[in-house]
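Notes for the one structure printed next.
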Amino acid sequence: MPVLSVSDRVVGEGDRFLDMVVKLDAASTQTITVNFATADYTTRAGQFNDYFGLSGTLTFLPGETSKVVRIDLIDDSSTVETLERFTFGLSAPQNATLAGEGYAWVQIVDNDTVRNTPGIFVRDTIVDEQAGVARFVVSLGRVLGEASASTVTVDYATADGTAVAGSDYAAQTGRLTFAPGESVKT
């Protein structure tokens with residue numbers, strides 16, 4: 001049976017929305033359905049909170065391998081907040097099974113503390129060798145997110161540790177740009 005999965009995400013409070021991708025590990029010849037729902041944890045859904053809660057059913061037609069659920073975020077500039085979380089869960093699959101526990105954590109990085117020189121932090125990541133890509137989360141501010149009234153840029157580069165560029169991963173360099181009010185990049 002095909003396996004349904006969803007991955008953890010980190011977003012900025014000012015991002016306006018989040019697209020959660022629900023994936024099948026292989027195409028099926030049968031129609032597959034699965035229910036989804038958000039659930040509060042340290043954040044609350046609703047008009048005057050952090051995101052708009054959703055629930056529903058996704059239908060994968062034969063051959064389809066991914067679906068996107070858009071979740072609207074609320075940029076509440078009234079209160080400085082710590083890193084907040086909610087879950088996006090899958091349940092009751094038909095013609096497929098769920099990977100792991102069937103849910104993902106969504107973390108919202110606050111952008112209400114505006115600094116002339118915000119701190120820049122990169123989070124560790126763990127990735128299975130077969131995943132094909134490692135995604136790092138870079139944020140302004142650590143636990144209490146920060147933003148800047150100006151554009152912030154930072155250069156990045158990979159470097160060998162126990163993994164070696166060329167045989168274990170592809171070396172990369174580049175520049176990230178945070179627009180005024182943005183607090184996180186992946």
Side-chain angles (χ1 to χ4, degrees), residues 3-27 41-43 50-51 64-77 80-88 99-101 103-186:
V3 179
L4 289 155
S5 65
V6 63
S7 297
D8 295 343
R9 296 286 308 276
V10 179
V11 296
E13 183 180 62
D15 289 351
R16 297 188 349 249
F17 63 86
L18 155 70
D19 286 336
M20 289 299 293
V21 179
V22 180
K23 294 192 239 181
L24 280 169
D25 69 340
Y41 189 71
T42 60
T43 186
D50 301 296
Y51 73 101
E64 292 183 323
T65 58
S66 67
K67 293 287 181 181
V68 175
V69 176
R70 179 161 284 184
I71 301 169
D72 290 324
L73 302 173
I74 300 167
D75 187 358
D76 62 343
S77 60
V80 174
E81 302 160 312
T82 61
L83 192 64
E84 297 184 297
R85 303 190 307 168
F86 67 92
T87 60
F88 180 88
E101 296 175 351
Y103 67 87
W105 287 103
V106 177
Q107 297 184 54
I108 302 173
V109 177
D110 191 44
N111 65 348
D112 295 328
T113 301
V114 178
R115 299 208 188 277
N116 290 333
T117 311
I120 299 172
F121 298 91
V122 62
R123 296 170 193 260
D124 292 339
T125 190
I126 298 172
V127 63
D128 185 295
E129 196 173 67
Q130 296 175 346
V133 67
R135 297 192 193 289
F136 290 87
V137 175
V138 180
S139 64
L140 301 182
R142 188 168 276 192
V143 176
L144 295 175
E146 297 174 350
S148 176
S150 306
T151 299
V152 174
T153 60
V154 62
D155 293 331
Y156 67 86
T158 56
D160 290 353
T162 57
V164 177
S167 62
D168 298 312
Y169 70 96
Q172 290 190 353
T173 61
R175 174 172 282 181
L176 293 176
T177 301
F178 293 83
E182 284 188 314
S183 57
V184 68
K185 295 281 183 182
T186 53

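Nothing here was measured: the structure is a model prediction, and the numbers come from that model.
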Apply side-chain contact (heavy atoms from CB on, under 4.5 Å) to V22 and F88, showing your working. CA-CA 10 Å; V22 180; F88 180 88; 3.8 Å; yes
Show the numbers, then the answer: is there a side-chain contact (heavy atoms from CB on, under 4.5 Å) between L140 and V184? CA-CA 6 Å; L140 301 182; V184 68; over 6 Å; no
List the steps, then state whether side-chain contact (heavy atoms from CB on, under 4.5 Å) holds for V152 with T177. CA-CA 6 Å; V152 174; T177 301; over 6 Å; no
Check the pair V109 / V11 against side-chain contact (heavy atoms from CB on, under 4.5 Å), numbers first and verdict last. CA-CA 6 Å; V109 177; V11 296; over 6 Å; no
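Screening residues 156-167 for side-chain hydrogen bond (donor to acceptor under 3.5 Å, both in side chains), with sequence neighbours left out, gives D160-Y169. Applying the side-chain hydrogen bond (donor to acceptor under 3.5 Å, both in side chains) test to residues at least two apart or on different chains, the pairs with a partner in residues 14-23 are D19-R70.
Ring pair Y41/W105: centre-to-centre distance below 6.0 Å.
At a threshold of 4.5 Å between non-hydrogen side-chain atoms, the residues V6 and Y103 do not count as touching. For the pair D155/T173, no side-chain contact is recorded, criterion being any heavy-atom separation below 4.5 Å from C-beta on. Using a 4.5 Å heavy-atom threshold, the side chains of T153 and L176 count as separate.
The side-chain contact (heavy atoms from CB on, under 4.5 Å) test with L18 is passed by exactly one of V106, V10, D72: V106. Checking each of V138, T125, V137 against T186 for a side-chain contact (heavy atoms from CB on, under 4.5 Å) leaves exactly one that passes, namely V137.
Rounded to the nearest 0.5 Å, atoms OG1 (T151) and CD (E182) are 9.0 Å apart. Between R9 atom CZ and M20 atom CE the span is 6.5 Å, to the nearest 0.5 Å. Taking OG of S183 as the start and CG of D110 as the end, the distance is 7.0 Å to the nearest 0.5 Å. Here R135 contributes atom CZ and K185 contributes atom NZ; the two are 14.0 Å apart, rounded to the nearest 0.5 Å. Note: E13 CD to I74 CD1 = 9.5 Å, rounded to the nearest 0.5 Å. With rounding to the nearest 0.5 angstrom, the NZ atom of K67 is 10.0 Å from the CG atom of L24.
Residues forming a ring pair (Phe, Tyr, Trp, His ring centres under 6.0 Å) with F86 (at least two apart in sequence, or on another chain): Y51.
For the residue pair L73 and G12, the shortest heavy atom distance occurs at CD1-O, 3.6 Å.
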